[in-house]
Protein chains: 2
Amino acid sequence: MKHVTIKDIAKELNLAVSTISRAFNDKYDIRPETKQLILNKAREMGYRPNPIARNLLQQRSMNIGIVIPEFIGSFFPEVIIGAQEVLFKEGYQLLITQSNECYKTEIENVKLLERNMVDGLIISLSHQTKNIECFKELVSSGLPVIFFNRVIDILNTSKVVFDDYKWAFFATEHLIYQNYKKIFHLAGPANLSLAKNRIRGFQNAHKKHRLDVPDSHIIPSGFTIEDGDRVAMEMIENKNIPDAIFAAGDLTAIGAMKVFKRHGYKIPEEIAFVGFSEQTLARHVDPPLTSVAQPTFEIGRTAAKLLIAQIENQGVHIPQTITLSGKLNIRSSSMKLTK
Amino acid sequence: MKHVTIKDIAKELNLAVSTISRAFNDKYDIRPETKQLILNKAREMGYRPNPIARNLLQQRSMNIGIVIPEFIGSFFPEVIIGAQEVLFKEGYQLLITQSNECYKTEIENVKLLERNMVDGLIISLSHQTKNIECFKELVSSGLPVIFFNRVIDILNTSKVVFDDYKWAFFATEHLIYQNYKKIFHLAGPANLSLAKNRIRGFQNAHKKHRLDVPDSHIIPSGFTIEDGDRVAMEMIENKNIPDAIFAAGDLTAIGAMKVFKRHGYKIPEEIAFVGFSEQTLARHVDPPLTSVAQPTFEIGRTAAKLLIAQIENQGVHIPQTITLSGKLNIRSSSMKLTK
DNA sequence: ATTTTTTTCGGAAACGTTACCGGAAACTAT
DNA sequence: ATAGTTTCCGGTAACGTTTCCGAAAAAAAT
């Protein structure tokens, strides 16, 4: 680990360390020839600047932390790729942590990242998270934080969200246009505001078309395949079979679809399915699943941009909420009319 | 960003900074009462040690870099979770980068992590990677590097691999026992040694049972669903239909299965499928896919442990290759005999 | 020719921490 | 009582940078 330092170059060339430093950060006055001399020598000696020392001096780590609830499924990985793209370009590193949808781990991750002096945080909550005291403290401590997707409404930070209401509305309307009547909604975890918005969209689409939705059509579920399995089994046991299902998550839709298929139901003739979030999977199940696509990469990029702006602006920062739009990919899981 | 430092505490208590430092690293001599006094005051003032300063002094970043080819699918995320578990416990941070199976991005990621003074690297290659000069240099520079899963045989580093040969053999044998005769293998990218090992296992299982495998039964593919789609379409066009398929990756198997199902083939009656790597998906497709499960979390944990050992041991390190074992999860996609 | 400005560089302090050296007490042993 | 040992703590030098201040030399202006 005998790293070449700025001092070694200085000694070799009989110059002061400050001169060497100047050669690398061209904002200072230095004669072009000496600069070239230094740069050549540096390359020759295999010098690499030590970011740790620089960070210490500048009181920042150039690290950004990201806290996500899970890794499985393509949604969060794609968000990360988007964020990484922007951050790397600006010289930031991304520290990724995941909580397995567990509140305790989530808090630990935040503390860990805080201890390691990240310059900012990008967070999407676990669906266990109810107690938000910790996040209140975090935000008021002054550390730049951006929430995305699963946000806390009352927290005074910038957020990147999806227009869940609108797209749940469209997705439901699509089923209504296809002439499905008894439409069930597999809702997301109750404490997430995105779940509430999707429910509202589902209800208001019915209202617009003067259709009735009893509360019993809205079934609290989660986001996993197993949740879909479970709910579908219950429907079959209770002999309460819908003719269409709009799920708050693709995986839930896929899980339920699998169970109904196994029990001999024809899809989409007897039951139609629409999912939400466009996992890459949706295209590949049988039949392909109609789903609301979120701009995952764009969510990541936007969150990263907001965060960087806030970091470089310390002090004069106005929290803003950016709402992104998506699209509805219609596939055969919900096509009754045409085939 | 007015962080409380060790100096502030020293001033507040009229003590020397060295004393404060001692209070936190208990290996030094300090009177229990003063230690308590300092610890209390520190908590009161909200002091948090600055790891950047510590790292600068100790010439290490406590960061580990991981370079993986992709994020989609559950394999690599699970490896990461395993590695994270071990690393965090030892105080290391994990910087995650992904290359999208692109050689150029992969190299850039490595350089980026190197610049940022990671103490070690955990790498699984993209399947584009053929030129290994860069990795040779990396290893001979002295930076501790562990490869896993997709490794370079001739490189003198520690590696964590899976017994691809053995499990490909078992998987093939399973199909043979089920009395399938015309078994095709969808092989992985040709330059990965794991792909070669799986091919060998496939061939030798046939040899053991005195069955013939023409080379035309081994079809070069990739690891994605699209690869499976494509290969299956070609088989159908050429009217060259196997009665069983053993794929080097679950996703390839799933893609191919989807196509054959759409064309009316009964699974497993007409065509059986066995995959490799046990993506979480395998359990949820229709019919559920028989697959070789790799100990993903354990791979991550093992790689992390090897790396830490090497880092703390600098100098006297003997490269070792650890081969982990798995199991074959038999599901209905390959069950001809019993149902 | 003298003064002023500009260019180019060296010296030194700082960032927050740990590690070493040594000094002043207090305690033990002769 | 004296010498030796232990216990506790202060002072200071590092780690590799950047940045500020000022000095010497060169160039420009008077």
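Computation of the quantities below employed the complete heavy-atom set of this structure, encompassing side-chain atoms and omitting hydrogens, waters and symmetry-equivalent molecules. Here is how names work: the chains are called A, B, and so on, in the same order as the sequence lines, proteins then strands, and each is numbered from 1. On a predicted model such as this, the values are computed, not experimentally measured, just so you know.
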Residues touching DNA chain D, which here means a heavy atom under 4.0 Å, drawn from residues 46-56 of chain A: A:Tyr47, A:Arg48, A:Pro49, A:Asn50, A:Ala53, A:Arg54

- prompt: side chain to side chain contact (heavy atoms under 4.5 Å, CB included) with B:Thr97: which residues, sequence neighbours excluded?
  reply: A:Gln84, A:Phe88, B:Val67, B:Asn109, B:Leu113

- request: Only counting residues at least two apart or in another chain, list the ones meeting side chain to side chain contact (heavy atoms under 4.5 Å, CB included) with A:Asp29.
  value: none

task: Any chance you could measure A:Lys159, atom NZ, to A:Thr157, atom OG1, to the nearest 0.5 Å?
output: 5.0 Å

statement: When A:Asp29 and A:Ser21 are each assigned the nearest nucleotide of DNA chain D, the 5'-most assignment goes to A:Ser21

5'-most by nearest nucleotide on DNA chain D - B:Asn14 or A:Lys7: B:Asn14

- prompt: Should the ring pair B:Phe71 and A:Phe71 be called parallel, tilted or perpendicular, given that the plane angle runs from 0 to 90° and is split at 30 and 60?
  reply: tilted

message: If you define the side chain from C-beta out and look only at heavy atoms, does anything of B:Phe76 sit under 4.5 Å from B:Ser124?
response: yes

- prompt: Can you find a heavy atom in the side chain of B:Ile299 that is under 4.5 Å from one in the side chain of B:Phe75?
  reply: yes

Report the residues that fulfil side chain to side chain donor-acceptor pair (under 3.5 Å) with [X], sequence neighbours left out, ordered by chain and then residue number.
| X | result |
| --- | --- |
| A:Glu312 | A:Tyr92 |
| B:Gln93 | A:Asn116 |
| B:Glu85 | B:Arg301 |

Donor-acceptor pairs under 3.5 angstrom involving side-chain atoms of residues 318-325 of chain B: please list them, not counting sequence neighbours.
{"from": "B:Ser325", "atom 1": "OG", "to": "B:Lys166", "atom 2": "NZ", "distance (Å)": "3.4"}
{"from": "B:Ser325", "atom 1": "OG", "to": "B:Trp167", "atom 2": "NE1", "distance (Å)": "3.4"}

query: Under a criterion of less than 4.0 angstrom to any heavy atom of chain A, what are the 5'-terminal and 3'-terminal contacting nucleotides of DNA chain D?
result: D:dC15 to D:dC20

statement: DNA chain C: first to last nucleotide in contact with chain A (atom under 4.0 angstrom from a heavy atom), 5' to 3', is C:dT8 to C:dG16

Residue-level proximity of residues 30-44 of chain A to DNA chain C when a heavy atom falls under 4.0 Å: A:Ile30, A:Arg31, A:Thr34

Most 5' of A:Val17 and B:Thr5 on DNA chain C, judged by nearest nucleotide: A:Val17

- prompt: Does any pair with a residue in residues 130-150 of chain B pass salt bridge (Lys or Arg N to Asp or Glu O under 4.0 Å), and if so which ones, sequence neighbours excluded?
  reply: B:Glu101-B:Arg150, B:Glu133-B:Lys136

- request: Mind jotting down which residue pairs meet the side-chain hydrogen bond (donor to acceptor under 3.5 Å, both in side chains) criterion with at least one end in residues 63-74 of chain A? Sequence neighbours excluded, please.
  value: A:Ser74-A:Gln279

message: Under the side chain to side chain contact (heavy atoms under 4.5 Å, CB included) test against B:Leu121, which residue among B:Ile64, B:Ile66, B:Leu138 passes?
response: B:Leu138

task: May I ask you to say what B:Asp8 touches in the nucleic acid, namely base, sugar-phosphate or nothing, with a heavy-atom cut-off under 4.0 Å?
output: nothing

